[in-house]
Amino acid sequence: MANPLFDRLFGIHAGKASPFLHLQNGEVITHQDFLGMAAQIANVLAQTGLKSGDRVAAQVEKSPEGLALYAACAQAGLIFLPLNTAYTAEELTYFIENSGASVVICDARSEATLAPIAKQLGAGIETLNADGSGTLMDQAAAMPVSFATVDRDGDDLAAFLYTSGTTGRSKGAMLTQNNLLSNAETLAKEWRFTADDVLLHALPIFHTHGLFVATNVTLAAGGSLIFMPKFDLDAVLQHMPQATSLMGVPTFYTRLLGDDRFTREISQHMRLFVSGSAPLLAETHVQFEERTGHRILERYGMTETNMNTSNPFEGDRRAGTVGFPLPGVELKITDPVSGATLPQGDVGQIEVRGPNVFKGYWQMPEKTAAELREDGFFITGDLGKIDEDGYVHIVGRNKDLIISGGYNIYPKEIELVLDDQTGVLESAVIGVPHPDFGETVLGIVIAEPGQSPDLDAMMEAVRQALARFKHPRQLILLNELPRNTMGKVQKNILRDQYKDMFAS
Ligand code: MLC
Ligand code: AMP
């Protein structure tokens with residue numbers, strides 16, 4: 001056996017003095033340096049007794065060490081569980097418990113809060129700070145810079161990513177080595193990535209886009225990353241002259257377009273701009289081409305499936321579409337009720353099948369069976385159609401989901417908190433258009449008869465329970481919610497009613 005994910009994304013760079021990470025302070029970490037760091041971390045994890053298949057939960061700021069932790073997990077056959085740095089202790093407790101993580105790696109600032117939680121759940125705890133300090137690297141420093149790669153099969157699990165559900169409880173998407181490897185190698189080929197590529201990396205590495213697309217594709221091609229702590233417009237503009245490519249969510253592109261410093265000159269040398277994780281407005285695509293001459297390449301993916309479709313590298317990158325199914329990926333449009341495949345051109349539910357599709361949700365066989373058919377097709381919950389030229393269009397969602405700045409927000413999670421507040425009869429959380437984030441969160445609350453709930457206290461309760469990016473931008477008190485004859489809340493009516501609330 002071997003370890004295909006580690007061998008073909010990381011191991012292929014053994015001994016290479018080629019640059020891998022360009023840091024903001026001018027430092028360059030070579031492929032070999034990076035592999036040495038990963039091996040040292042793998043030695044620490046192995047020494048603490050972690051075994052193949054154990055889960056490593058990591059809520060750490062973006063850093064070379066944080067990325068090396070991911071590589072260490074791959075090399076040691078451990079399942080990497082990256083967690084949004086915005087998650088609260090309450091949210092983290094769920095992820096640590098549900099995943100059965102053997103160790104929690106966190107920033108020293110949250111150690112006091114997380115240590116008792118980890119202990120109670122039988123998990124160890126190590127710290128890793130944004131500057132690379134902390135107990136993890138203190139131990140790693142004393143370790144050998146080599147590690148005997150653990151045998152893993154392509155069908156073995158490599159990562160868990162939690163993606164909330166419309167029922168409110170997050171589900172651990174189980175991603176195999178081959179899910180990640182097949183997609184990375186396909187995308188590197190489709191998007192013509194080579195060792196000469198220098199990708200502007202301004203995405204977080206706790207989600208699919210920044211970790212399994214931006215990083216894995218660059219690793220598969222042997223290129224390097226301008227590794228930025230987060231998206232900062234000034235820094236992106238400063239470093240663009242040294243880059244060849246950028247991957248981002250639509251907010252990256254609307255912010256670039258909002259700045260006069262983003263000119264044709266500063267971008268003319270760039271080879272490729274990729275957008276995904278949320279809809280890219282056709283007008284943004286058009287404005288971008290007018291400004292720079294570049295046509296953004298839009299692609300469509302999910303945590304559960306990695307990337308499904310892409311506009312062509314050569315060929316017409318059509319605004320408002322997500323291009324064609326990737327090689328090896330089958331995509332069909334089905335009737336949401338019967339599951340029957342619909343004729344070309346009809347709008348229905350997007351289903352996908354291929355090596356990119358996950359194994360299911362950790363310890364949730366019913367939720368897995370509800371979305372992953374026996375025949376391997378995954379029901380995405382997205383609504384779309386295939387046009388006469390074969391381009392896939394995403395036209396909506398058959399799942400209650402808000403995407404704000406590329407982050408998924410599930411209304412149910414917020415409604416559960418609001419409904420729990422004094423004097424609240426019920427609530428409805430919707431997404432409404434927002435010029436910067438694409439969509440933003442609006443909370444509508446119905447009071448118990450004769451009660452007048454304290455909206456400020458309600459917002460405080462939300463702040464305590466949920467990550468900042470999930471917080472409603474505003475709470476509105478109404479007398480009642482619109483319902484259809486079946487008694488189902490008609491969120492579409494609410495969305496229409498409040499669609500101009502945060503318009504630019
Ligand atoms: C930050 N904030 C957000 C937010 N990002 N609020 C709502 N939605 C977001 N996306 C909060 C901040 O904490 C801050 O709170 C306030 O909003 C203003 O922040 P900001 O400075 O305007 O935001 P910024 O830090 O610049 O971040 C915006 C962003 C970031 C777009 C750069 O959200 C981002 O990097 N998004 C990428 C998410 C991602 O990687 N998605 C991929 C999912 S994988 P306060 O209280 O401090 O004012 C996937 C599959 C696929 O979808 O297809 O790829
Ligand atoms: P996540 O679960 O965070 O991976 O988000 C996946 C969801 O993001 C998909 O189900 C889509 O709803 C949405 N998405 C991803 N890429 C695109 C895109 N290019 N256009 C529209 N929606 C997208």
Side-chain angles (χ1 to χ4, degrees), residues 62 82 84-87 161-166 170-171 173 175 183 187 201-215 217 228-236 247-256 258 274-282 284-285 296-311 317 319-323 349-352 356 358 371 378-384 392-410 431 434-441 459 463 466-473 502:
K62 185 177 175 182
N84 190 319
T85 47
Y87 287 144
L161 262 65
Y162 275 84
T163 173
S164 302
T166 45
S170 282
K171 306 168 288 189
L175 297 163
N183 214 241
L187 295 172
H201 193 305
L203 289 160
I205 54 172
F206 46 69
H207 273 314
T208 297
H209 199 160
L211 190 59
F212 302 139
V213 186
T215 303
V217 166
M228 313 173 83
K230 62 174 284 197
F231 180 86
D232 174 283
L233 194 52
D234 296 334
V236 165
M247 289 185 196
V249 294
T251 303
F252 285 21
Y253 296 109
T254 50
R255 289 190 180 181
L256 282 166
V274 180
S275 178
S277 305
L280 179 76
L281 297 182
T284 305
H285 192 280
I296 293 171
L297 184 154
E298 185 171 10
R299 83 327 172 258
Y300 158 56
M302 285 183 81
T303 297
E304 292 91 336
T305 65
N306 293 283
M307 299 305 108
N308 297 315
T309 74
S310 172
N311 266 278
R317 299 175 191 169
T321 83
V322 290
Q349 184 137 268
I350 297 174
E351 295 191 26
V352 293
N356 57 311
F358 77 150
E371 296 178 29
F378 175 69
I379 301 168
T380 64
D382 292 309
L383 298 177
V392 177
H393 299 240
I394 295 178
V395 300
R397 292 173 200 137
N398 194 25
K399 53 191 173 184
D400 199 6
L401 165 67
I402 300 164
I403 305 184
S404 165
Y407 284 143
N408 279 11
I409 298 163
Y410 290 83
H434 186 272
D436 186 25
F437 289 110
E439 286 183 286
T440 196
V441 183
M459 272 312 288
R463 278 192 205 99
L466 302 174
R468 169 75 182 81
F469 69 90
K470 298 177 185 174
H471 300 173
R473 204 170 279 268
F502 301 107

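Residues: numbered from 1 along the sequence shown. Counting starts at 1 for both ligands and their atoms, in listed order.
Shortest non-hydrogen contact noted between P435 and T254 is O-OG1, 4.4 Å.
Within 4.0 Å of ligand 1, the residues that place a heavy atom are L203, P204, H207, T208, H209, K230, F231, V249, T251, F252, R255, S277, R299, G301, M307, S404, G405, G406, Y407, F437, R468, F469, listed by chain and number. Ligand 2 is surrounded by T163, S277, A278, P279, E298, R299, Y300, G301, M302, T303, V322, D382, I394, R397, K399, I403, N408, each with at least one heavy atom closer than 4.0 Å.
Side-chain contact check for Y162 and T303: no donor-acceptor pair (N or O, by modelled atom type) lies under 3.5 Å. Judged by distance alone, the side chains of H201 and T215 do bring a donor and an acceptor atom under 3.5 Å apart.
Remark: the backbone N or O of L297 is not paired with any side-chain donor or acceptor of N311 at under 3.5 angstrom.
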Legend entry - Step-by-step side-chain contact (heavy atoms from CB on, under 4.5 Å) determination, N84 to F469: CA-CA 10 Å; N84 190 319; F469 69 90; 3.2 Å; yes

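Between K399 and E371, no side-chain nitrogen of the basic residue sits less than 4.0 Å from a carboxylate oxygen of the acidic one, so the salt-bridge criterion is not met.
With Y410 as the fixed residue, the side-chain contact (heavy atoms from CB on, under 4.5 Å) test singles out one of T163, I402, D400: T163. When the options T380, D382, N398 are evaluated for a side chain to side chain donor-acceptor pair (under 3.5 Å) with Q349, the one that passes is N398.
The aromatic ring centroids of F437 and Y407 lie 6.0 Å or more from each other.
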